[in-house]
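In this text, all values refer to a predicted model and were calculated from it rather than measured experimentally. Note that the numbering runs from 1 along the sequence shown for the chain.
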Amino acid sequence: MGLLLAPLRLCLLLAVGTGAQKLPTRDEELFQMQVRDKALFHDSSVVPDGAEISGYLFRDTPKRYYFVVEEDNTPLSVTVTPCDAPLEWKLTLQELPEESSGESSGEPEPLDQQKQQATADEGTELFTYKGNDVESYVATSSPSGLYQLEILSTEKDSSFKVYATTTPESDQPYPELPFDPRVDVTSMGRTTVTLAWKPTPTGSRMKQPVQYCVVVNKEHNFKSLCAVEAKIGADDSFMVAPKPGLDFSPFDFGHFGFPSENDLGKGRSFAGNKPLGNKVSRSYATKPKADIQKMCIGNKNIFTVAHLKPDTQYYFDVFAVNIVTNTSTAYVGTFARTKEEAKQKMVELKDGKVSDVFIKRKGSKFLRFAPVSSHQKVTFYVHSCLDAVQIQVRRDGKLLLSQNVEGVRQFQLRGKAKAKYLVRLRGSRKGASMLKVLASTRPNKQPFPSLPEDTRIKAFDKLRTCTSATVAWLGTQERNKFCVYRREVDDSYSEEHRRREQNQCTGPETRKKSEKVLCKYFHSPNLQKAVTTETIKGLEPGKSYLLDVYVVGHGGHSVKYQSKLVKTRKFC
């Protein structure tokens, strides 16, 4: 076995001898037993062979890890993954003595003594690194000796991961990247981005269970999955405290975010090898929740990210994760800006002219009205043909009106010299909306006919015969022209069909001449008596008919009452 898995109390036999020796092999059964027994190496400074460990650093407080290579010419690989901040780390070698300590009795030398000796003697520096990349030291042939890994974070408290092995060829701990490790953006919309990447050879060639995790955020790309997880957990107000006595004194209040007296110490750096000063107080104040998404999607290598914001830059990362070991490898991330929202086309309203407006479901339309002459008043006429819509009117940026409109409405506002009016119409959630809108500064007759509050058509069941149907509808005090139309429908025609066809803006000009019943004028000075009836004749027994009433205004614009479905009697 190359790297030591035992606790600090365990003594090890030193390898004695020179020259090339047979490459060591790992006792897999013992290794698996030791991995399962976390107590053997959890919170100890011994690096296990072939298992990734996690650690936590307090700022300016280095940690040292040790392992022994027992034989010369041993392959060695050490990987350090920063999770939350750039790290400084170095690997040094303290060669084992030719003879064992003591009175030449051959007794094994405790690892504690070896560590003390390594601390006194700086040994040979093999590798140093400073940054936030996942970096590895790899050697195909390493000498025997005691190896020391020292890790330091000078920016802030941070977590990290370490993996070391003497059998790197057979272990393959991290999923392998393809020849082209880039993440590509294949399509982009206002709220979606589609990503694609080449699959890892680890899943196909090595038959290892691999899944992909996609990470999206607005700040930067990530170099490791543990950096993502550290960022996601950055909003936690509380930290998981290590066991007392291992990383800090339970009486050091500074570790819990309270003021500390020992906050004057200076940090250290590998470059200067200065001794560590007093501990600095560390605060764990609440941070805003990280705006980051992590989605693990199985083994597919194409994925569409949805629910993004338009005209916003996002960073995209993909990680290949070994499902069994939970180790991961980062692809080369990318970034992209979503497309802008489609700019609303402004509709210009002309004084006294009707404009037809179509609005998508839950959509909006903007209309602009700029009178060419001075005016005391301005009137907006709005005819909502389908469901209710919301209207907002602003004059020179000031909100004057905000209401829901159903059917025909008019709004009269006080004018202002050289004023410009912006009208915003917001559609219904149920479906698309159609409107007719008119703005006018001249006092003239209303372009749309006046309507009663109730625009239903009522049928009299007792007056229904095999060839006729009698209906009634309300009018107003204003004299209007009413036209009645009929259309035969089959028995499958339902109220749902009628509701979908209920467009008040479709006029008599859209109907066939054969469907016309009659046109007549009607009004009443007394609103209580403003009701009229009509008997539609010439119908066939047992048939269903859809009846429509149109009221036509002085300007020729018409409004349709709510359609009525009637059925003649089959037997009379």
Side-chain angles (χ1 to χ4, degrees), residues 3-5 8 41-69 76-94 111 114-116 118-119 121-139 142 145-166 173-174 222-227 229-231 233 239-243 246-248 255 265-277 279-280 282 327-328 330:
L3 302 188
L4 185 61
L5 269 172
L8 298 183
F41 56 84
H42 180 66
D43 282 333
S44 79
S45 58
V46 180
V47 179
D49 188 357
E52 188 178 61
I53 63 170
S54 299
Y56 194 85
L57 287 170
F58 290 120
R59 179 166 63 89
D60 296 330
T61 305
K63 270 193 174 181
R64 297 177 182 88
Y65 291 88
Y66 299 90
F67 55 91
V68 169
V69 172
L76 179 61
S77 174
V78 179
T79 301
V80 177
T81 302
C83 296
D84 198 21
L87 300 179
E88 299 179 30
W89 64 274
K90 67 178 178 180
L91 185 67
T92 56
L93 167 63
Q94 174 67 50
L111 181 58
Q114 298 177 41
K115 287 166 57 179
Q116 291 172 4
T119 304
D121 186 352
E122 291 186 359
T124 303
E125 188 176 286
L126 302 176
F127 185 79
T128 61
Y129 175 74
K130 181 178 181 179
N132 58 0
D133 284 331
V134 180
E135 192 60 57
S136 298
Y137 168 79
V138 180
S142 296
L146 178 68
Y147 287 76
Q148 174 184 281
L149 173 66
E150 186 174 23
I151 307 175
L152 174 69
S153 174
T154 59
E155 287 191 7
K156 62 177 183 177
D157 302 344
S158 178
S159 54
F160 62 92
K161 292 188 176 183
V162 174
Y163 183 91
T165 179
T166 54
Y174 298 98
F222 289 92
K223 298 181 179 180
S224 68
L225 194 55
C226 76
E229 291 161 350
K231 183 71 173 179
M239 62 170 285
V240 178
K243 295 178 181 178
L246 292 174
D247 293 282
F248 63 92
H255 292 301
K266 297 181 180 180
R268 56 159 285 176
S269 170
F270 289 143
N273 284 328
K274 297 176 182 178
L276 182 68
K279 291 184 179 179
V280 181
R282 299 161 181 92
T327 55
S328 59

Testing the basics here: between [X] and [Y], what is the closest heavy-atom pair and its distance to 0.1 Å?
X    : Y    : answer
P62  : L57  : C-CD2, 4.4 Å
D133 : P82  : O-CD, 3.2 Å
C83  : F160 : SG-CA, 3.7 Å
E155 : P86  : OE1-CD, 3.4 Å
E125 : T92  : CA-CG2, 3.8 Å
S158 : A85  : OG-N, 3.3 Å

I need the [X] [atom1] to [Y] [atom2] distance, nearest 0.5 Å.
X    : Y    : atom1 : atom2 : result
T165 : E52  : OG1   : CD    : 12.5 Å
Y163 : S77  : OH    : OG    : 8.0 Å
L93  : S142 : CG    : OG    : 8.5 Å
Q94  : L146 : CD    : CG    : 7.0 Å
Y66  : E150 : OH    : CD    : 8.0 Å
I151 : L91  : CD1   : CG    : 10.0 Å

Identify, with sequence neighbours excluded, every residue that meets side chain to side chain donor-acceptor pair (under 3.5 Å) alongside S54.
->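 For S54, no residue satisfies side chain to side chain donor-acceptor pair (under 3.5 Å) once neighbours in sequence are set aside.
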
Flag the pair [X] / [Y] as yes when at least one side-chain heavy-atom distance between them is below 4.5 Å, and no otherwise.
X    : Y   : answer
D49  : F67 : no
T154 : D60 : yes
Y147 : V47 : no

Check: K63 side chain, Y56 main-chain N or O, donor-acceptor pair, under 3.5 Å =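 Yes, K63 side chain to Y56 backbone: donor-acceptor pair under 3.5 Å.
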
Taking S159 for the side chain and D84 for the main chain, is one N or O donor matched with an acceptor at less than 3.5 Å?
-> no

side-chain contact (heavy atoms from CB on, under 4.5 Å) between T79 and Y174, intermediate numbers included | CA-CA 10 Å; T79 301; Y174 298 98; 4.2 Å; yes

According to the interplanar angle, ranging from 0 to 90°, do the rings of Y137 and F127 count as parallel (below 30°), tilted (30 to 60°) or perpendicular (above 60°)?
-> tilted

